[in-house]
Protein chains: 2
Amino acid sequence: MKDLFADRMSKVPRSFVREILKVTEDSDIISFGGGLPNPKSFPHKEIAEVASEVLKYESSEALQYSTTEGYKPLREYIAQRYLKNGLKVDADEILITNGSQQGLDLVGKVFLNRDDGVIVERPTYLAAIQAFGMYEPKFHSVKLMDDGPDTPALEKLLKNGDSKIFYCVPNFQNPSGISYSEEKRKEVAGIIQENNAVLVEDNPYGEIRFMGRNLPPIKKFLPDSVLLGSFSKIVAPGIRLGWVVAGEEVMDKLVTAKQASDLHSNYLAQRMVHRFLTEYDVEKHLNKIRSMYRMQRDVMVNSIEEYFPEGVTCTKPEGGMFLWVTLPEGVSSMELFDLAIKENVAFVPGEAFYADDPEINTMRLNFSNSDEKSIVEGIKRLSNALEKIL
Amino acid sequence: MKDLFADRMSKVPRSFVREILKVTEDSDIISFGGGLPNPKSFPHKEIAEVASEVLKYESSEALQYSTTEGYKPLREYIAQRYLKNGLKVDADEILITNGSQQGLDLVGKVFLNRDDGVIVERPTYLAAIQAFGMYEPKFHSVKLMDDGPDTPALEKLLKNGDSKIFYCVPNFQNPSGISYSEEKRKEVAGIIQENNAVLVEDNPYGEIRFMGRNLPPIKKFLPDSVLLGSFSKIVAPGIRLGWVVAGEEVMDKLVTAKQASDLHSNYLAQRMVHRFLTEYDVEKHLNKIRSMYRMQRDVMVNSIEEYFPEGVTCTKPEGGMFLWVTLPEGVSSMELFDLAIKENVAFVPGEAFYADDPEINTMRLNFSNSDEKSIVEGIKRLSNALEKIL
């Protein structure tokens, strides 16, 4: 059978994070490895109530086949909510997907021929490499500074190269926690505009800003771009709902690709989420998540400052679920991982997050899925491992 | 933006059925066009109960990210159920997908390079052409006889050609309603085995057999093949759950492809369906659907015999949701469609179901989604249109 597999399958590895998570299933291990939201943040009672309502009042519709685009009132809600970020989009410019992960797959389907260029950030979201990788592109990358990408490098890549797509996560990026400044957002928009490329702006964490001021999506400065959103972090990931925003011409292709991929997303879940968003106090719910994650982030940052040896730095994100640690030059976080597992603490070595040329002295820590006590204890354990390797 | 689209997007048309369904939204039209199950067949009360139970007892798990493979107890249930068809598979050989449509997409991802050959039936399931079409294969087709495919033609195509995949729907095929005889199943298995190809056996309707005896899946005679299943017709399609069965080596690739596509399927729905299947009398539920569809099929077949003009023939399926009508040579069902719409009745012209060289004098009629009165009235209206065109 092996000789029958498509070429693409030899190029895409299984997720390293996934393999790590298997190691960390042992309950004695404190894991900063995964990317899970805190289950305490899920609106359990409300979800049970909306499920009951949908199945009482709209069962025949919710259980039947539906349109590929998704439940119109949900798309209208999403469009409406963007107004607070200064973004005007129509419900018809929104397609409901299975998390924003499927948005990445559909973008790959719609735009990428084999060997087309895709520019990603350094570091970048691992699962984007996997999703786009299925369409056999050439990856290029631009370094992420404290306030966004190295824009001269981005411009140079677009001018000299074969690149169709720039993929970025401008708010509390996974894995680095870095956000783009407003200036960088405008600059990126200008560069993409000039070079006839597609901006793919992924924003799963935007609503989870717990400090600083909201910044507009890059799409506000570049209407002709693709923007991805997700309910995984603001409602719950198990229901697998996200969305893509794109103009008419691109949307037409995305809908064709979605139809071929799985006809449409879970319709019961779409109606449930719509009821939740319209019948409950969403801001109150989001504030609960924000203050929970802010507390956890503060505990982690403070513990790092207290316990980590000198020469180890970390980002201090204003939102999201991750922070990014840089070890002294030449120290391998992969080797640290083995020592850390012996201390019963886990994280993801940074090299998983590079499309090329990994920086081996980096690592990602998740703070959303551990309670405060575990965070302090886990950082202590990690410090022990760090002291051994330094 | 247009110049940036991938080549594949120019090759895959939007679904014709979808466009037709828009025409038939007018409530005066009796539609035999769609492929919808009867919403009366959904286990409404039971689904509401299992949703409530899952969200009461397993909410934190059901709403959280999960493994790509899917909920293990559900996969175990599926494996167990295959035993009654003489098929022994392990739960680890099953991947939960978003309907069997996603199974087709994942198979395309895993096996198809551009220009690889895919053999389909004549006629074939429209959405399979769309799903595989995204990977830019060359389509070939083999004629479907009353008892299955033209096997000498299948063998010839595999021997002379570039074909990796034979895709088939051996039970109550969509669109034709035709089922493979046991002999043909064995013969197909042998031909595939000899020619180092992949059999992709799609079985969304197998449980909806309302007459005749159950036949084993082809996979029974060819363990090293891919088998697709779906909960859309036996539970409900809106929850978008299906599965793929494949051996370890192929499964490993399918899981990688699924992970890149959307991480995993809706986990709440997986747990709900598992509770439904294990806590309720599934045979009773299936028998209700079977007798409902048998009645509707009988009414349609009898009405056709009573009202259709001579020279028009139709298949008489032993299960599923569709029958296939053949008009006299040279008569176009596309032209008939326009006349039928004027009579307020709709169907899908057969030419949508051919990967190449359509037979324009064919059409698909759905009997699952109309009540008996509408079926009689719709067939009368269709007869009027037929008399005008003949």
Side-chain angles (χ1 to χ4, degrees), chain A residues 1-2 4-9 12 14-15 18 36 39 42 44 47-48 51-52 55-56 59-60 62-66 98-99 101-102 105 109-113 127 130-131 133-135 164 196 198 224 236-240 249-250 253 256-257 259-269, chain B residues 1-2 4-9 12 14-15 18 36 39 42 44 47-48 51-52 55-56 59-60 62-66 98-99 101-102 105 109-113 127 130-131 133-135 164 196 198 224 236-240 249-250 253 256-257 259-269:
Chain A
M1 193 73 80
K2 202 171 278 175
L4 294 177
F5 292 137
D7 298 338
R8 67 177 65 83
M9 297 312 296
V12 179
R14 285 240 212 156
S15 165
R18 182 195 166 82
L36 306 185
F42 301 157
H44 295 284
I47 292 287
S52 158
L55 289 167
K56 187 166 175 190
S59 183
S60 286
L63 297 179
Q64 187 58 283
Y65 282 115
S66 172
N98 309 327
Q101 184 70 26
Q102 190 183 39
D105 178 56
K109 265 204 174 99
V110 165
F111 288 106
L112 295 178
N113 288 322
Q130 292 181 292
M134 284 286 169
Y135 301 96
K164 271 185 177 173
N196 190 35
V198 183
D224 203 10
I239 52 168
R240 310 301 306 122
E249 199 185 2
V250 176
K253 301 294 180 194
T256 300
Q259 191 178 36
S261 297
D262 61 3
L263 302 182
H264 64 82
S265 290
N266 188 304
Y267 197 40
L268 170 62
Chain B
M1 193 72 79
K2 202 171 278 175
L4 294 177
F5 292 137
D7 297 339
R8 67 178 65 82
M9 297 313 295
V12 178
R14 284 240 212 157
S15 165
R18 183 195 164 83
L36 306 185
F42 302 157
H44 296 284
I47 291 287
S52 159
L55 289 167
K56 188 167 174 189
S59 184
S60 286
L63 297 179
Q64 187 58 284
Y65 281 115
S66 172
N98 309 327
Q101 183 70 26
Q102 190 182 41
D105 179 55
K109 264 203 175 98
V110 165
F111 288 107
L112 295 178
N113 288 322
Q130 292 181 292
M134 284 286 169
Y135 302 95
K164 272 186 177 174
N196 189 35
V198 183
D224 204 11
I239 53 169
R240 308 303 306 123
E249 199 185 3
V250 176
K253 301 294 179 193
T256 301
Q259 192 178 35
S261 298
D262 61 3
L263 302 183
H264 65 81
S265 290
N266 188 303
Y267 198 39
L268 170 62

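Fair warning: this is a prediction, and the values are worked out from it, not measured in the lab. Naming convention: chains lettered A, B, ... in sequence-line order (proteins, then strands); numbering from 1 in each chain.
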Looking only at atom types and distance, does a side-chain atom of A:R240 sit under 3.5 Å from a main-chain N or O of B:Y267, one as donor and one as acceptor?
no

Ranked by heavy-atom pairs below 4.5 Å to chain A, first place among B:A236, B:A51, B:A269 goes to B:A236

I'd like to check A:Q259 versus A:H264 (side-chain heavy atoms, cut-off strictly below 4.5 Å). Are they in contact?
no

Minimum heavy-atom separation for A:R8 and A:M134, please, with both atom names.
NE-O, 2.8 Å

Any side-chain heavy atom of B:Q64 sitting closer than 4.5 Å to one from A:P237?
yes

With a 4.5 Å heavy-atom cut-off, do A:V198 and A:K164 have their side chains touching?
no

B:Y65, part contacting chain A, at a heavy-atom distance under 4.5 Å:
both

Contacting region of B:A48 [heavy-atom separation from chain A under 4.5 Å]
both

Check whether B:S52 gets within reach of chain A through its side chain, its backbone, both or neither, counting any heavy atom under 4.5 Å.
neither

Most chain B-contacting option - heavy-atom pairs closer than 4.5 Å, from A:L55, A:D262, A:L112, A:L268
A:D262

Sequence-distant partners of B:D7, side-chain contact (heavy atoms from CB on, under 4.5 Å), two or more places apart:
A:N113, B:R114, B:E136

For the interface with chain B, which of A:K56, A:Q102, A:Q101 has the highest count of heavy-atom pairs at distances below 4.5 Å?
A:Q101

Proximity breakdown for A:S66 and chain B, heavy-atom pairs closer than 4.5 Å
neither

